[in-house]
Engineer: 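Once you've had a glance at the structure underneath, I'll fire off some questions.
Chain identifiers are assigned alphabetically (A, B, ...) following the order of the sequence lines, protein sequences preceding nucleic acid strands; residue numbering begins at 1 within each chain.
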Protein chains: 2
Amino acid sequence: MDKRTVTAGLMRSINRTIILDLIRTSSPISRSQIACRLGISMPTVMRIVDLLTQEDLVKPLDCVEATGGRPRHMMAFNGGAYAAIGVDLGGSKMVGAIADLDGKLLHETYVPWKDGGSEDALAELCQLIENLMAAPRPADQKIKGIGVGAPGVTFSREGIVSWAPSLGWCNLPLKAILSERFDVPVMVDNDVNLSALGEYGFGSGRGCESLVCIAVGTGIGAGIILGGSPYRGYRHSAGEIGYLLPGVKYLGRRYDGFGALESLASGTGIADRARQLLEQGGCLPPTGVLDAQQVFAAARRDECWARQVVDETIDYLSLAVATVSALLDPEIIVLGGGVARSADLLVEPILARLDGVVPSPPRLVASSLGRRAAVMGAIMLVMYGTTEHVVVNQLI
Amino acid sequence: MDKRTVTAGLMRSINRTIILDLIRTSSPISRSQIACRLGISMPTVMRIVDLLTQEDLVKPLDCVEATGGRPRHMMAFNGGAYAAIGVDLGGSKMVGAIADLDGKLLHETYVPWKDGGSEDALAELCQLIENLMAAPRPADQKIKGIGVGAPGVTFSREGIVSWAPSLGWCNLPLKAILSERFDVPVMVDNDVNLSALGEYGFGSGRGCESLVCIAVGTGIGAGIILGGSPYRGYRHSAGEIGYLLPGVKYLGRRYDGFGALESLASGTGIADRARQLLEQGGCLPPTGVLDAQQVFAAARRDECWARQVVDETIDYLSLAVATVSALLDPEIIVLGGGVARSADLLVEPILARLDGVVPSPPRLVASSLGRRAAVMGAIMLVMYGTTEHVVVNQLI
DNA sequence: AATACTTTCTAACTGTCTGTATGTATCCCC
DNA sequence: GGGGATACATACAGACAGTTAGAAAGTATT
């Protein structure tokens, strides 16, 4: 595909993007500060900030700052003027929220999944969106759009969910369907990419240049943000670290739908390993069914079998973190997904195991958004996607 | 760091970059075709192509193409007008070349490394460059610059080799030294990044959007090209796949200077494993010393011990390829480095092992530039680095 | 308190670049 | 040789960022 040529209009879009991002991350800030910080002339800043103010994306504050000369009039990002709807279609649940562009939650819903076919999932999604739209919020607040994260392969540019087995969706043109029905812009992406975007915009990775979010839940996946932009790969399957191989002996098999690493270290894998260990030892699992949460709880109580399962989990996750660090060297690695609720048991031991193992040890932190990460990422996706968000890059 | 704002001048640079790249990859091409292909107006194409012609980067051809109307005057990239010098400082050798911007080699030298200290390496490098500059070439051909690939950690923007143990260099401002001495632009980068850039520009990965070059030599490293640009990571240590861990049991150790994977599957590692196996079996290595080349040669003769070593090597490399594919999903993976001379023994078996293992199987091919990859990458680096090479990217 | 100084903000103008519109050149086909 | 088609050329208009100079609104100084 050919690169994009530039006209005066796109030049304005690029500068607008940069100024808006600066205001968003540095409010309150005055126009002269923007000019100085970006090395851009005052009139240009004036013109663009005026436009942003007209669009309600930026608002002047009352506060001024003394400088020895004429005082600065401070401006701020006006995230409250718009709301966005974000939905995270998980493997076993659906989390939806409506929030303003500052990331302030206005309303949130959580719907556990009834196991149904494709039609049902779509109908429930529409119902959820309708409920969120009806939630009470400031009278003059407009809706910017809807962002949806789907568990599977997505073509985010086209807005198509190409393959989401847990929903029974195949080549579903979700963007077309939803934007037709709700008459607002709709953005679609992979749920793990959205988690990464959420952490990048509102969570542990705020202000970072590059970030990888390792989401450990039903499966394991990684969302990759490089230079502020989600990296999706040539065949839309970057970040599929559930398919990493924790050893040569995992080579000779087929992994259809579930990868080698995730069959060991995902929530499901943790529970499986615990069950096996207990059965081996002659004990029955505590309550018949057993999930990762219970394993971690038992490990906190220092039960021997659970400690062993958790230790092995730490080993496997260390492998994943080492891989990401050695290959991509991101500024920060965020541990997310359901298992991240037990991140306090994981982060330090993983870092300890990586000492001396990888060339430059990563910053590894727990998700600060928890199960809301993908939803917040969807808000971010809408914010970026509804205005031309474009930057220049120096090759080399 | 703040993103870059745009003025009319940078707008011109961007469009210039895109037009030049199109001419380079699609010569011969007419100006009207460029306008049509890029969706840009004719006058703009005219103006920029005129400038490029004045700079001698583009030349009009005599040939015309009938169209039913006024025939197209074809233009072509004029790579022959400039030469660039590329040097690949390997762990055990120094390869240098002078080539024109089409990638046509004019002269090449190969200097095996005498083991000396920092001063020696630099002096020999300077000598090599001087020899290359003195090589006979077309009279009117100007020299665009010098590109150097160093085996270690480099800060390519600053032109500093921060840590190259095999040369004894630490924080050496190579760019400053060489550009002072030779009075031409100098670019510095990691040798593996340059191999990737070479394959991307002139080798197996020509025209690809993203590429990972896995270089298996004394060590193992990967060069990563995403969106036409080398990706180097936040701490300049992306692509260090020599440090991948082929199993949980490799966790509890320290790897100083040599990673887990490369101690098994690099040229050195292959020789080590072969030696161990032979000693175990009571045989002595054929000639006392033993290197990877000999192991592959023996495997071709179907000697049992060598087949086993090669099979294990294939397993380890499959792990590396699977990792790259699962995490980055590049358009193409190129197998390079010294071991790639035996790529015919490796590529097919690796692909076979990956069938059903990774979500979307990669295109895996052998390097087509061989030991010249990094040198050609250096040429590429000079070509990109000496003119403002800049593009726009849509975030999201 | 009046003045000088400093910094922010505003307005008019200039320069650069791309696009549009129109004109010209050069072929093929009849 | 004329009509049609396509490529190339030129003149002008529009959009945008930068420059310059000046007004506004404070603080420091005398």
Engineer: What's the closest nucleotide to the B:R31 side chain, out of D:dC8, C:dC9, D:dC16?
Structural biologist: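 The listed nucleotide nearest to B:R31's side chain is D:dC8.
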
Engineer: Between A:G68 and B:A8, just flag the one whose closest nucleotide in DNA chain C comes earlier from the 5' side.
Structural biologist: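 That would be A:G68.
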
Engineer: Expressed as a whole number of angstroms, how long is the span from B:Q33:CD to D:dC8:P?
Structural biologist: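 Those two atoms, CD and P, are 9 Å apart.
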
Engineer: Take atom CD1 of A:I34 and atom P of D:dA17, then tell me their distance rounded to the nearest Å.
Structural biologist: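 These atoms are roughly 14 Å apart.
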
Engineer: Ring-plane angle category for A:H236 and A:F155, please: parallel below 30°, perpendicular beyond 60°, tilted otherwise.
Structural biologist: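 Tilted, since the angle between the ring planes falls between 30° and 60°.
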
Engineer: Between C:dT26 atom C1' and B:E65 atom CD, what is the distance in whole Å?
Structural biologist: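 One finds 15 Å between C1' of C:dT26 and CD of B:E65, rounded.
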
Engineer: Without decimals, in angstroms, what is the distance between A:M46 CE and C:dA12 P?
Structural biologist: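 Result: 13 Å.
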
Engineer: Closest to the A:S41 side chain: D:dA17, D:dA15, C:dC17?
Structural biologist: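 The closest nucleotide is D:dA17.
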
Engineer: Please confirm whether the shortest side-chain N or O distance from A:T7 to OP1 or OP2 of C:dT18 is below 4.0 Å.
Structural biologist: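 Looking at the OP1 and OP2 atoms of C:dT18, neither is under 4.0 Å from any side-chain N or O of A:T7.
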
Engineer: What is the separation between atom CG on B:D50 and atom C1' on C:dT18, rounded to the nearest whole Å?
Structural biologist: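 Roughly 15 Å, once rounded to whole Å.
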
Engineer: Got a donor-acceptor contact below 3.5 angstrom from the B:S26 side chain to the B:I23 backbone?
Structural biologist: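 Checking the backbone N and O of B:I23 against the side chain of B:S26, no donor-acceptor pair under 3.5 Å is found.
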
Engineer: So, is A:R12 close to the D:dA17 phosphate, meaning a side-chain N or O under 4.0 Å from OP1 or OP2?
Structural biologist: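 So the side-chain polar atoms of A:R12 do come within 4.0 Å of the phosphate oxygens OP1 or OP2 of D:dA17, strictly under.
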
Engineer: Which listed nucleotide (C:dT20, C:dA12, D:dC8) is nearest to the side chain of A:P43?
Structural biologist: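 Among C:dT20, C:dA12, D:dC8, the one nearest the side chain of A:P43 is C:dA12.
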
Engineer: What is the separation between atom CE on B:M11 and atom P on C:dT18, rounded to the nearest whole Å?
Structural biologist: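 The distance from CE of B:M11 to P of C:dT18 comes to 5 Å, rounded to the nearest Å.
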
Engineer: D:dC16, OP1 or OP2 - any side-chain N/O from A:N15 closer than 4.0 Å?
Structural biologist: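 No, because none of the side-chain N or O atoms of A:N15 sits under 4.0 Å from OP1 or OP2 of D:dC16.
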
Engineer: Looking at C:dC9, I'd like to know if its phosphate oxygens (OP1 or OP2) sit under 4.0 Å from a side-chain N or O belonging to A:R70.
Structural biologist: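 Answer is no, no contact under 4.0 Å.
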
Engineer: Are the side chain of A:T154 and the backbone N or O of A:S156 linked by a donor-acceptor pair below 3.5 Å?
Structural biologist: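 Between the backbone of A:S156 and the side chain of A:T154 there is no qualifying donor-acceptor contact (under 3.5 Å).
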
Engineer: Working to the nearest 0.5 Å, report the span between CG of A:D56 and CG of A:L101.
Structural biologist: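 Between A:D56 CG and A:L101 CG, I get 11.0 Å after rounding to 0.5 Å.
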
Engineer: For A:S32 and C:dC9, is the shortest distance between a side-chain N/O and OP1 or OP2 below 4.0 Å?
Structural biologist: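 It does, given that an N or O in the side chain of A:S32 lies less than 4.0 Å from OP1 or OP2 of C:dC9.
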
Engineer: Indicate yes or no for a side-chain donor-acceptor contact from A:S195 to the backbone of A:G198 under 3.5 Å, with no hydrogens or angles considered.
Structural biologist: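 The answer is no, because no donor-acceptor pair under 3.5 Å joins these two groups.
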
Engineer: Between A:E331 (side chain only) and B:Y234 (backbone N and O only), is there a donor and an acceptor less than 3.5 Å apart?
Structural biologist: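 Between the backbone of B:Y234 and the side chain of A:E331 there is no qualifying donor-acceptor contact (under 3.5 Å).
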
Engineer: Rounded to the nearest Å, what distance is computed from the CD1 atom of residue B:I14 to the P atom of nucleotide D:dA17?
Structural biologist: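 Value for this atom pair: 13 Å.
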
Engineer: Are OP1 or OP2 of D:dG18 and a side-chain N or O of A:T44 less than 4.0 angstrom apart?
Structural biologist: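 Yes, A:T44 has a side-chain N/O under 4.0 Å of OP1/OP2 on D:dG18.
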
Engineer: Within the structure shown, what part of the strands sits under 4.0 Å from B:R47 by heavy-atom distance: base, sugar-phosphate, or nothing?
Structural biologist: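 Base contact.
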
Engineer: Could you check which of C:dC9, D:dT6, D:dA17 has an atom nearest any side-chain atom of A:M42?
Structural biologist: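 Minimum distance to the A:M42 side chain belongs to C:dC9.
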
Engineer: Output the rounded distance in Å from CZ (B:R72) to P (D:dA7).
Structural biologist: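 To the nearest whole Å, that distance equals 5 Å.
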
Engineer: Is A:V6 touching bases, backbone alone, or none of the nucleic acid, heavy atoms closer than 4.0 Å?
Structural biologist: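 Since only primed, P, OP1 and OP2 atoms lie under 4.0 Å of A:V6, the category is sugar-phosphate.
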
Engineer: I want to verify a distance call: between D:dC8, C:dT7, C:dT16, whose nearest atom is closest to the B:S30 side chain?
Structural biologist: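 Of the options given, the side chain of B:S30 lies nearest D:dC8.
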
